[in-house]
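Right, one structure below, let's go through it.
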Amino acid sequence: MAEDEATVNRGEPADEPFPLLIAVTPSPAERIRLAELLDGIAPLLLVADLDELRRLIAAPQQVAAPSEPAPVAALVIDSARSSARCGEREIDLTRLEHDLLTCLITEPARVWSYAELHRSVWGDEGRERKADVQSLVKRLRRKLHDLGTRATIDVVRGVGLRLTDHQHARVERA
């Protein structure tokens, strides 16, 4: 094996151990909390139970890798035009849609509660109606689907909402 093939990104030998944190908890909220607390400390594996952990660390199956991965188009929010685009497609966003999507993208690992989103998007204290946020999210999901992006808005049960596939999303400001 060539020397450059035996090293990983930081120049460490590929066969040397590296720290890996494994957390087992059935609570999705607890897994999110742990991910936020331990972000950047070490690679982190979060699983719901020991059976899931066993499946993940079992001997890998031989799978044919694709010859070249398909390029992933980024979801781009254009604040100046109040639009979203992915590849060649573009859609217009209302002010509320733009503000909600911007919240979700600018803090990608965060799970936003309905109350936090309502305060950030509508800017009014005390109202914080969950139905307003749910209605807006429903429209945004439809637009994201029509746009052809892999990004979508997921519900974290009992916690709130987050954007999935946030690695390929960004906001452009004028």
Side-chain angles (χ1 to χ4, degrees), residues 8-11 20-21 23 25 27-48 65-174:
V8 290
N9 293 341
R10 288 184 236 146
L20 173 66
L21 298 173
T25 177
S27 166
E30 187 66 16
R31 288 193 299 270
I32 291 167
R33 189 179 73 76
L34 286 169
E36 290 171 350
L37 287 172
L38 301 172
D39 185 35
I41 293 174
L44 178 62
L45 175 60
L46 296 168
V47 294
S67 58
E68 189 174 306
V72 177
L75 170 64
V76 179
I77 307 305
D78 187 337
S79 292
R81 298 180 55 190
S82 192
S83 66
R85 68 178 178 275
C86 182
E88 298 298 315
R89 294 182 181 172
E90 184 172 356
I91 56 169
D92 292 327
L93 299 171
T94 67
R95 182 194 64 81
L96 295 175
E97 292 167 343
H98 171 271
D99 292 352
L100 182 102
L101 204 48
T102 300
C103 281
L104 295 172
I105 288 175
T106 54
E107 293 189 54
R110 179 176 179 187
V111 178
W112 291 75
S113 72
Y114 288 95
E116 290 170 326
L117 283 171
H118 200 284
R119 281 191 299 274
S120 294
V121 173
W122 280 267
D124 53 354
E125 293 290 329
R127 254 183 91 187
E128 301 165 7
R129 292 184 15 201
K130 186 175 179 179
D132 293 340
V133 177
Q134 289 172 325
S135 176
L136 186 57
V137 166
K138 181 179 179 182
R139 289 194 311 267
L140 258 177
R141 282 181 177 146
R142 190 176 313 119
K143 285 188 174 186
L144 291 173
H145 178 267
D146 292 346
L147 193 57
T149 180
R150 292 187 343 197
T152 188
I153 302 167
D154 280 349
V155 173
V156 178
R157 189 174 178 174
V159 182
L161 300 167
R162 70 173 168 206
L163 185 71
T164 60
D165 196 36
H166 55 268
Q167 291 90 351
H168 299 101
R170 69 179 188 276
V171 177
E172 292 181 349
R173 303 190 194 288

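For the single chain, residues carry numbers from 1 onward in sequence order.
- Residues Leu96 and Leu136 approach most closely at O-CD2, 3.5 Å, considering heavy atoms.
- In this structure a side-chain-to-backbone donor-acceptor pair under 3.5 Å is present from Arg89 to Asp146.
- Leu117 CG to Gln134 CD: the interatomic distance, rounded to the nearest 0.5 Å, is 11.5 Å.
- The line from CD1 of Ile105 to CG of Leu75 is 4.5 Å long, rounded to the nearest 0.5 Å.
- Enclosure of atom CZ in Arg81 is not indicated, since only 12 or fewer non-hydrogen atoms of other residues, nucleotides or ligands lie within 6.0 angstrom.
- Rounded to the nearest 0.5 angstrom, Arg85 CZ and Ile91 CD1 are separated by 12.0 Å.
- Residue Cys103 holds its SG atom at 11.0 Å from CG of Leu161, rounded to the nearest 0.5 Å.
- For Thr25, there are no side chain to side chain donor-acceptor pair (under 3.5 Å) partners, not counting sequence neighbours.
- A donor-acceptor pair is defined here as one N or O able to donate and one able to accept, closer than 3.5 Å; no such pair exists between the side chain of Ser113 and the backbone of Gly160.
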Evaluate the side chain to side chain contact (heavy atoms under 4.5 Å, CB included) criterion for residues Val155 and Tyr114: first the C-alpha distance (whole Å), next the side-chain angles of each, then the deciding distance (0.1 Å), finally the verdict. CA-CA 10 Å; Val155 173; Tyr114 288 95; 4.1 Å; yes
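- Two residues are said to be in side-chain contact when any heavy atoms from C-beta on lie closer than 4.5 Å; Asp132 and Val121 fail this criterion.
- Evaluation of the salt bridge (charged side-chain N to carboxylate O under 4.0 Å, His left out) rule for Arg142 yields no partner, not counting sequence neighbours.
- Side-chain contact check for Thr152 and His145: no donor-acceptor pair (N or O, by modelled atom type) lies under 3.5 Å.
- Arg141 CZ: more than 12 foreign heavy atoms inside a 6.0 Å radius.
- Val111 and Glu36 get closest at one heavy-atom pair: N-OE2, 3.9 Å.
- Here the straight-line distance linking atom CG of Leu101 with atom OG of Ser79 works out to 9.5 Å at 0.5 Å rounding.
- Ser82 contributes atom OG, which lies 8.0 Å from atom CG of Asp99 (distance to the nearest 0.5 angstrom).
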Does Glu30 form a salt bridge (Lys or Arg N to Asp or Glu O under 4.0 Å) with Arg33? I'd like the steps, not just the answer. CA-CA 5 Å; Glu30 187 66 16; Arg33 189 179 73 76; 2.6 Å; yes
